[in-house]
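Notes to accompany the following structure.
Letters go in sequence order (proteins before strands), and every chain restarts at 1.
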Amino acid sequence: MIEKSYNPKDIEEKWYNFWLEKGYFRADSKSGKPSYCIVIPPPNVTGSLHLGHALDVTLQDILIRWKRMSGFNALWLPGTDHAGIATQNVVDKELKKEGLDRHQIGREAFVQKVWEWKKQYGDRIIHQLKRMGVSCDWSRERFTLDEGLSRAVKEVFIRLYEDGLIYRGDYIINWCPRCQTALSDLEVEHDDVKGKLYHIKYPFVAGKGHLVVATTRPETLLGDTAVAVNPADERYKDIVGKTVTLPVLNKEIPVIADEFVDMSFGTGAVKVTPAHDPNDFDIAKRHNLPFVKIMTEEGKMSEGAGPYSGQDRYKCRENILKDLSDLGLLVDVKEHLVGLGHCYRCKTVIEPYLSKQWFVKMKPLAEEAISAVRDGRINIIPSGWKNSYFDWMENIKDWCISRQIWWGHRIPVWYCREMQNEECAMRSGIIVSRETPEACPYCGAGASALIQEEDMLDTWFSSALWPFSTLGWPDETDDLRKFYPTDVLVTGFDILFFWVARMIMSGLKFMGDVPFRDVYIHALIRDAYGQKMSKSKGNVIDPLELIDNYGTDAFRFTLTAFAAQGRDIKFSVDRVEGYRHFLNKIWNASRFILMNIKQPLLLCKDIKEIDSLSLADRWILSRLSDVISEVNAALAEYRFNDAASILYQFIWHEFCDWYIEMSKLTLYGDDKQACNAAINTLVHVLEVSLRLLHPFIPFITEKLWQDIPLPDRREVEGLCVQKYPVPQDGIFNKDAESKMAVIMDAVNGIRSIRGEFNLLPSLELKAMIRAFDGTKDVLRENLVYISKLAKASDIEIGEDIRRPEDSAVAVKPAMEIFVHLKGLFDVELEIKRLQKEITKINESAVFIKKKLTNREFAAKAPETVIEENKANYKDFIEKIQKIQENIEKLKKWGKQNDVQMVEGEFVNVKQSTVRTVEGGHIELQQVGAFTIDGEKIDVTQGAAVVLKSEELNLNQSISCLSLAENASLNFSIAPVAMAKEDINVNKSAVGVMISKKIKTEGTSSLIMIAKEVEGPVTTLLDWRSALAFGAAFGGVLGLIKLLRSR
RNA sequence: AGGCGCGUAGCUCAGUGGGAGAGCGCUUCCUUGACACGGAAGAGGUCAGGGGUUCGAUACCCCUCGUGCCUACCA
């Protein structure tokens, strides 16, 4: 027997190992099945699992498991990324702890160290992924620095170079002074920072006067080689061509005219620092200005900065401002918001820096990539991201790919120092080669004359090849033939440009085909307040902690349920707990079903072979069929959250709340055949549901599925390789669904009355239902269900039912339900209730009426809409009328139902004792009868308890009176209704309970009876309070006051 | 500066040109033989505000406010 509640820890590791041992995740490059392939966005090898990964892989796993079960040769190719700068930084830090720095130990030793690090910690992320239950083909795991992938990187570099798409040159690049490397534009994060705009005087060399320039970076004036104004600027018309003196350095620089200058900004005059600003660089190129570098790679002032040489860039700013101020050249300082670039790895402020780097020409590559998306060869989902994609692609700039780091792919370039002939010189001695060259291929200089390029490639250069390099490219492998193009790429939008766009470009260039047909872009996960999670903010939720606390399945289901397209996810732990409850529900439903499979097994192989399916059976099978199509459809469109909620709704509210409850009737009944049909249906629906749920919550479904004693089970097989359900696994049956709707209406109607009158769930009700024709027949045929689910032992159904007195009503389409309430009835409450319902319906009715009477509507609205509205209106009006009739009737009754106080007396008292909850005991006195005014009253249910002791508390014995079980009390009392009206009591009151609770097998029901007035006792609704109350006031046997209706 | 998105129940969010849904939370009742990680019944919304298109707008368009993000060379 399985445990009472679900404990994920017991099963996850076991079944993951089972899957691995069976090799279920392995794809077959020779398979004849259609293939389906996803390459994982490779996490950083030194990273650890965060929520973003968790979401990403959960969605991929859902797709892969779904496709695998749906008969595809599914390959999910896993791997990790070497993450050049990030990994290098990590190892740098380690070295620092040892008091070392990578330059001290040298390049080779450092790289060796990183490899060791990778060996030691590189598996961590993989282990963490496995805990997510991912069904990757681990036999194909790749690492971007693997030999094969490195070969692909070299090959791509060389081919791009040969095609003239890679070049080397001096340009302004983004330089991180801390990481000491160039970065691509994408690797710079822009943040608006409060800064200042300084207005500085540049005196004219000839004559008096000066020009005022505005700058946010005064320290760069040391590298100024001109001042620029707009040629159209009237203010400076006569100044162009003059010479000004560069403050502090007293260098003469020209005033030039360039259209770039924005006349409206600052003073309209710009200092030009060609070596430290990309715009100034362009201006300088146009005007042949000199380039003066004033900073070092560490972000300190260099010799070019003259007297400030050696100072930190910010210290220098302070000093220069002071000097300018002293010289009277600083004329104004204004607050100014500056968009500052920061290194995406270390957040250091980026320095635009003139430097010799390698670049990829992007425009030619981008063109094809744009049309691939435009013409639909690649589908971006949600499609809103297409705009961003096009926008970026159409304005793409060349990609700086060289990095001054040691960990990664070294640029396969050598330089010939000798350049002995023209060709060699023409090529600047650049040798691009797959192998280390023995000699210069141009001038024949020997190996000793050749120096290898020190720089490494941007990590994203290798990631861009991931969809084909992992499949074996440049070799023409079976995998490549079979799985390229891959089917879908699942990732967050944060790497759309970094990675997705570049993969598309390189796939098209080198494979001649798109790398994937769909790109599914999911949301980013934020914390409960919508903030991005980051270590520095300390708001990071560790997925492994969630897994430990709630289990992988609950975590996965939460992520899935949240994964609505196009919105960020505000993640909170509470939600995970909620979905764990869902798993517990599944667990217990399974437990119930497995417990009820009776021996010998009567399980049938095919549910369609079972005759004598009941309405409930047919209904749930029909619902199942529908759910199967909906889930498949949702998955096909990447509507993960829809799929999750469809399943949640079905399992919990249809299967558990309705079907399982109904099945109990047949399960515990005498009809063997019906019972067999029910068991088969239960098992069938469970089995199919587990298959349906498997991609979402693989562990619990596998475990439970293994526990089902299926007749044709092959012991060794796992659920994860079973067929994914198709609609034929259910049996669609419209008739059953509409009949069930009638039954549900009836049950809901009765339950509503029970709930609103606060009647005990255990109280058996007596109901009458007025219904006609088909509805009547359906109700009659399925009376047992209504009786069971609504707890109504006595139900009468007919066309000419008349509403009994003291009954509450529920009006449903095609039926009116009356529930006898007898003494429990409260006219006022019922009238209020019904009037409220009328108000509600009336609002809708008025609205529709308005529409229907509008001539334009009748003329222009589509026929179907008009019909629909008419039908709705008719229903509303009928309902309102029926309810109104009921209200009228109630008002009449209300007059007769004056409340009276009646005295009564118990007779034939026998005594017995039961224990109270608190450890005391209650003496029960069995009563043969009960009289009021000498008239003998029958008692239907429960025991009337009279507290007769003078001073009782709960730990003392309480003498009670218990009424005979088979007696009946015709004018029973509505305890709750009374209590709601504030019963008033005084000290002479006697507490009376009519309660089944006191009987061993009983349920509870409570009545406080009171005489005369003094203070409300509304709160005395639970039986312990009642006992206490009775005890406090004491009581006298026989002195009973009853509220009596009529 | 431009672009994109969001604003729906107390919270987190679905959703659609024909008068609004879920989960959690809340209120009341209940230990009935899978489950209190449960069952039953309720309460709760001018669908941010204003204008327009339409027979009809929460949905489509425009504007405003609030909010988040992306891109960008404004010194």
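- Salt-bridge formation is not detected for the pair A:R286/A:E259: no Lys NZ or Arg NE/NH1/NH2 atom is positioned less than 4.0 Å from an Asp or Glu carboxylate oxygen.
- Straight-line distance from the CZ atom of A:F655 to the C1' atom of B:rA34: 11 Å, rounded to whole Å.
- Between the side chains of A:E867 and A:T864, no donor-acceptor pair of N or O atoms lies under 3.5 Å.
- Defined by atom type and a distance below 3.5 Å, a donor-acceptor pair is missing between the side-chain atoms of A:K570 and A:S572.
- When each of B:rA34, B:rG18, B:rU12 is scored by its nearest atom to the side-chain atoms of A:N869, the top-ranked nucleotide is B:rG18.
- Counting any heavy atom pair closer than 4.0 Å across all strands shown, A:P352 reaches no nucleic acid atom.
- The aromatic ring of A:Y668 is stacked on the base of B:rG33, with the two ring centres less than 5.5 Å apart and the planes inclined by under 30°.
- The CZ-C1' distance, from A:F557 to B:rG23, rounds to 11 Å in whole Å.
- One can place NZ of A:K870 at 19 Å from P of B:rG56, the figure rounded to the nearest angstrom.
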Seminar exercise, completed: In 5'-to-3' order, the base (B), backbone-only (S) or no-contact (-) status of each nucleotide in nucleotides 36-42 of chain B, using a 4.0 angstrom heavy-atom cut-off, is SBSSSSS
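- Along RNA chain B, the nucleotide closest to A:N387 and the one closest to A:K860 are compared, and the more 5′ of them pairs with A:N387.
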For this session: For each nucleotide in nucleotides 70-75 of chain B, reading 5' to 3', give B when a protein heavy atom comes within less than 4.0 Å of its base, S when such contact involves only the sugar-phosphate, and - otherwise.
Result: -S-BBB
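- On the C1' atoms, B:rG7 is 12 Å away from B:rU58, given to the nearest whole Å.
- The C1' atoms of B:rG45 and B:rU8 are separated by 8 Å, rounded to the nearest whole Å.
- Summarising the local packing, NZ of A:K849 is surrounded by 12 or fewer heavy atoms from other residues, nucleotides or ligands at distances under 6.0 Å.
- Counting only heavy atoms from C-beta on, A:F562 has its side chain closest to B:rU12 among B:rA34, B:rA14, B:rU12.
- Side chains of A:D398 and A:Y171: no donor on one and acceptor on the other come within 3.5 Å.
- The separation between A:I521 atom CD1 and B:rG5 atom C1' is 14 Å, rounded to whole Å.
- Here the nucleotide nearest the side chain of A:E661, chosen from B:rC13, B:rC35, B:rC55, is B:rC35.
- Geometrically, A:K850 engages A:F847 in a cation-pi contact, judged by NZ or CZ lying under 6.0 Å from the ring centre and within 45° of the ring axis.
- Taking the C1' atom of each, B:rG10 and B:rC35 are spaced 28 Å apart, rounded to whole Å.
- When only modelled atom types and interatomic distance are considered, A:E189 and A:Y344 share no side-chain donor-acceptor pair under 3.5 Å.
- Atom CG of A:N872 and atom P of B:rG19 are 8 Å apart (whole Å).
- Spacing of P atoms, B:rG23 relative to B:rA43, comes out at 15 Å, to the nearest Å.
- Note: NZ (A:K851) to C1' (B:rG19) measures 7 Å, nearest angstrom.
- The side-chain heavy atoms of A:Y579 and A:Y550, taken from C-beta on, include no pair separated by under 4.5 Å.
- Listed candidates were B:rC55, B:rG23, B:rC29. Nearest to the side chain of A:L760 is B:rC29.
- With a 6.0 Å cutoff to the six-membered ring centre and a 45° limit on the axis angle, A:K585 does not count as a cation-pi contact of A:F655.
- A:I866 comes within 4.0 angstrom of nothing in the nucleic acid, heavy atoms only.
- Comparing the P positions of B:rU32 and B:rG39 gives an interatomic distance of 15 Å, to the nearest angstrom.
- Between the C1' atom of B:rG10 and the CG atom of A:D574 lies a distance of 14 Å, rounded to the nearest Å.
- Looking at A:F650, A:F696, A:F557 one by one, the single match for ring pair (Phe, Tyr, Trp, His ring centres under 6.0 Å) with A:F582 turns out to be A:F557.
- B:rA41 and B:rA22 are spaced 13 Å apart, taking the P atom of each and rounding to whole Å.
- Remark: the backbone N or O of A:N387 is not paired with any side-chain donor or acceptor of A:D391 at under 3.5 angstrom.
- The CD atom of A:E661 sits 7.5 Å away from atom CZ of A:F592, with the distance rounded to the nearest 0.5 Å.
- Nucleotides B:rG2 and B:rA57 are separated by 30 Å at their C1' atoms, to the nearest Å.
- Remark: A:K788 NZ is packed, more than 12 non-hydrogen atoms of other residues, nucleotides or ligands lying under 6.0 Å away.
- Helical stems involving RNA chain B, defined as 3 or more consecutive Watson-Crick or G-U pairs under 3.5 Å, span B:1-7 with B:65-71, B:10-13 with B:21-24, B:26-30 with B:38-42, B:48-52 with B:60-64.
- What separates CG of A:D642 from P of B:rA14 is a distance of 10 Å, to the nearest Å.
- Taking a cutoff of 4.0 Å between a charged side-chain nitrogen and a carboxylate oxygen, A:D707 and A:K703 qualify as a salt bridge.
- The C1' atoms of B:rA14 and B:rC29 are separated by 31 Å, rounded to the nearest whole Å.
- Nearest-nucleotide mapping onto RNA chain B: of A:I569 and A:K664, the residue sitting toward the 5' end is A:I569.
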